[in-house]
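These notes concern the structure reproduced below.
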Amino acid sequence: MKSIISLLPLAASVFAQQEAPAAQIPLQTAKPLTLESIPLLGYGTWNLKGDNISEAVSWAIQTGYKHIDCAAAYGNEDKVGRGIADGLLRTGLSREDIWVTSKLWNDHHGTNSVEAGIDTTLEKLGVGYLDLYHMHWPVASGTFGNSIEYLDTWAAMTLLVQKGKARHIGVSNFDPEQLKDLLNHTSHPPSVHQMELHPYLQQTEWLEFHEKNGIHVTAYSPLAGTNPTYDNTDPTPLLNNSVVGKIAEKRGCTPAQVALAWGMSRGTSVIPKSQHKERITENFETLECVLKSKDIKTLDKLGKEAHRYNNPSKGWKVDLYKGLEDGN
Ligand SMILES: NC(=O)c1ccc[n+]([C@@H]2O[C@H](COP(=O)([O-])OP(=O)(O)OC[C@H]3O[C@@H](n4cnc5c(N)ncnc54)[C@H](OP(=O)(O)O)[C@@H]3O)[C@@H](O)[C@H]2O)c1
Ligand SMILES: *[C@@H]1O[C@H](CO)[C@@H](O)[C@H](O)[C@H]1NC(C)=O
Ligand SMILES: *[C@@H]1O[C@H](CO)[C@@H](O)[C@H](O)[C@H]1NC(C)=O
Ligand SMILES: *[C@@H]1O[C@H](CO)[C@@H](O)[C@H](O)[C@H]1NC(C)=O
């Protein structure tokens, strides 16, 4: 049977690219990464805390990650930025060799606030531009669920591309009606949609909508409920799931690698977070974990009872994820 990775030109090219020893990579590449070459394996930074945030981020870059997912709301962009600078210095890579994403927080929505949002992020991260800037939620603090509002915010984000502050713009946590509304009202569709996706929340139809519309999808919380801010009591934690465990054993992978390889097999980028060197390395080595199509089919069955871990709907008193699996 053909291996899944061999069916995936994107993942394979990322693999090839990232296999090159750092010393052989030229100090300066001419051009930033393109959306078509977005590295499918990224590094998440939510909940990186304490005094070794920069070490963790730098270690990720030294390990080979070329895609770092940040956000103003994570409250750590200054330290993440120092980690990026340190990682680039130690590997001899330049800014253009990596893909840096960040997100506009809910308190900077609206025509006149968006640019200040990205300016602060650029300064804290210590980069001249972002490869991707997401609207973190279709929700502005204080004006929940007001569609006019997110359309204005989006319009302001399109200007950031014209000014060269963001190379691409995207959305996050939109539901189908909100995304269609946005597509109906802009000549600049989002390049990427970041959303919760893992074997317990597969949203396959929703993913296909994005494929049809040429919107890349990034899977957040790719290890399902493993993030300790989530209630991970039910269902069985994904990394303890015996179906995942058996596949891991058969293919010589770890459960986390199986979850991440499943995500990449669908063409989505995955952005696992870890503050531990051995796990940062383990997750990166997913690029060497080759699943067979029958493994993917088996994992697909884990999505029958969809379980969503990230839903601030109640606290924010706003409908989210209308019409989506395990939504409101
Ligand atoms: N757009 C959004 O609204 C949104 C929402 C959620 C997340 N995100 C992004 O997506 C990223 C990833 O999601 P996430 O942080 O929620 O969850 P995740 O990456 O699925 O899981 C992270 C948790 O798993 C642990 N872990 C990592 N690798 C492991 C391994 N190999 N074996 C066992 N445990 C492991 C980490 O612990 P240690 O750190 O202790 O190793 C951490 O507690 C975030 O960091 C953020 O960048 C975006
Ligand atoms: C960061 O500190 C924690 C707590 O001391 C430790 O468990 C972890 O391994 C450290 N991570 C890095 C990347 O140094
Ligand atoms: C988008 O526009 C189409 C065509 O005009 C319309 O049928 C549809 O209802 C609109 N969708 C939303 C969510 O506004
Ligand atoms: C999941 O596995 C971890 C590590 O082996 C263990 O500590 C934890 O108790 C397990 N959780 C459940 C619910 O089985």
Side-chain angles (χ1 to χ4, degrees), residues 4 40-47 69 137 172-176 193-210 217-276 278-280 282-283 285-286 289-316 318-328:
I4 284 297
L40 290 191
L41 190 55
Y43 177 69
T45 64
W46 181 28
N47 292 317
D69 184 75
W137 295 90
S172 180
N173 299 305
F174 273 52
D175 70 26
H193 191 172
Q194 184 174 131
M195 63 181 81
E196 181 177 343
L197 286 176
H198 43 69
Y200 287 160
L201 187 74
Q202 305 193 358
Q203 310 198 90
T204 304
E205 245 181 77
W206 188 214
L207 184 58
E208 283 164 4
F209 175 88
H210 292 79
V217 172
T218 298
Y220 78 61
S221 303
L223 304 177
T226 310
N227 166 355
T229 70
Y230 295 151
D231 177 355
N232 196 19
T233 48
D234 182 54
T236 305
L238 184 68
L239 303 187
N240 295 62
N241 186 301
S242 60
V243 171
V244 175
K246 275 184 202 136
I247 293 174
E249 207 172 311
K250 257 197 288 186
R251 305 296 167 224
C253 309
T254 67
Q257 290 171 346
V258 169
L260 299 172
W262 174 86
M264 287 192 281
S265 79
R266 315 171 92 208
T268 61
S269 41
V270 293
I271 46 171
K273 169 266 180 184
S274 174
Q275 196 154 354
H276 293 97
E278 60 284 2
R279 285 176 174 170
I280 293 171
E282 172 188 335
N283 295 343
E285 286 174 351
T286 298
C289 166
V290 180
L291 299 183
K292 301 203 184 248
S293 349
K294 63 178 175 187
D295 303 331
I296 301 294
K297 287 198 187 108
T298 305
L299 292 165
D300 285 347
K301 291 186 193 132
L302 294 179
K304 273 191 193 133
E305 281 178 55
H307 190 88
R308 187 184 290 278
Y309 293 92
N310 193 321
N311 193 347
S313 175
K314 280 199 188 106
W316 291 356
V318 52
D319 278 343
L320 293 168
Y321 311 125
K322 263 196 285 181
L324 293 176
E325 287 176 24
D326 197 15
N328 286 109

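- Separation of atoms CH2 (W137) and CH2 (W316) is listed at 5.0 Å; rounding is to 0.5 Å.
- Closest heavy-atom contact between I271 and Q194: CD1-OE1, 3.6 Å.
- Nearest heavy atoms, H198 versus S221: CD2-O, 3.2 Å.
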Could you please spell out the steps behind the side-chain contact (heavy atoms from CB on, under 4.5 Å) verdict for T204 and R266? CA-CA 9 Å; T204 304; R266 315 171 92 208; 3.0 Å; yes

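- Here the OG1 atom belonging to T218 is positioned 7.5 Å from the CG atom belonging to D69, to the nearest 0.5 angstrom.
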Could you give me the CA-CA distance, side-chain angles and deciding distance for R251 and V290, then say whether side-chain contact (heavy atoms from CB on, under 4.5 Å) is met? CA-CA 7 Å; R251 305 296 167 224; V290 180; over 6 Å; no

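- The distance from atom CG of L207 to atom CD of Q202, rounded to the nearest 0.5 Å, is 10.0 Å.
- Minimum interatomic distance between S265 and I296 (heavy atoms only, all atoms of both residues): OG-CD1, 3.4 Å.
- Here the rule is side chain to side chain contact (heavy atoms under 4.5 Å, CB included) with P312, and of V318, N173, L320 only L320 fits it.
- A pairwise comparison of heavy atoms in E282 and Q257 identifies O-NE2, 2.8 Å as the closest pair.
- Residue L197 holds its CG atom at 6.0 Å from OG1 of T268, rounded to the nearest 0.5 Å.
- Between V244 and P199, every side-chain heavy-atom pair lies at or beyond the 4.5 Å cut-off.
- Counting heavy atoms from C-beta on, the side chains of D319 and D175 never come closer than 4.5 Å.
- The aromatic rings of H193 and H210 sit tilted relative to each other, their planes meeting at an angle between 30° and 60°.
- Remark: the N241 side chain and the Y200 side chain contain an N/O donor-acceptor pair separated by less than 3.5 Å.
- Separating the CH2 atom in W206 from the CZ atom in F174 is a distance of 9.5 Å, to the nearest 0.5 Å.
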Going through the distances and angles, do L41 and V270 end up as a side-chain contact (heavy atoms from CB on, under 4.5 Å)? CA-CA 5 Å; L41 190 55; V270 293; 3.5 Å; yes

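- Side-chain N or O atoms of R308 include one that pairs as donor or acceptor with a backbone N or O of E325 at under 3.5 Å.
- Rounded to the nearest 0.5 angstrom, L223 CG and Y309 OH are separated by 11.0 Å.
- Annotation for N232 and P237: closest pair ND2-CB, 3.5 Å, computed over non-hydrogen atoms.
- Counting heavy-atom neighbours within 6.0 Å of E305 CD, excluding the residue itself, gives a total of 12 or less.
- In plain terms, the two heavy atoms of Y321 and N310 that are nearest each other are OH-O, 2.9 Å.
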Check step by step if side-chain contact (heavy atoms from CB on, under 4.5 Å) holds for D295 and T298. CA-CA 5 Å; D295 303 331; T298 305; 5.6 Å; no

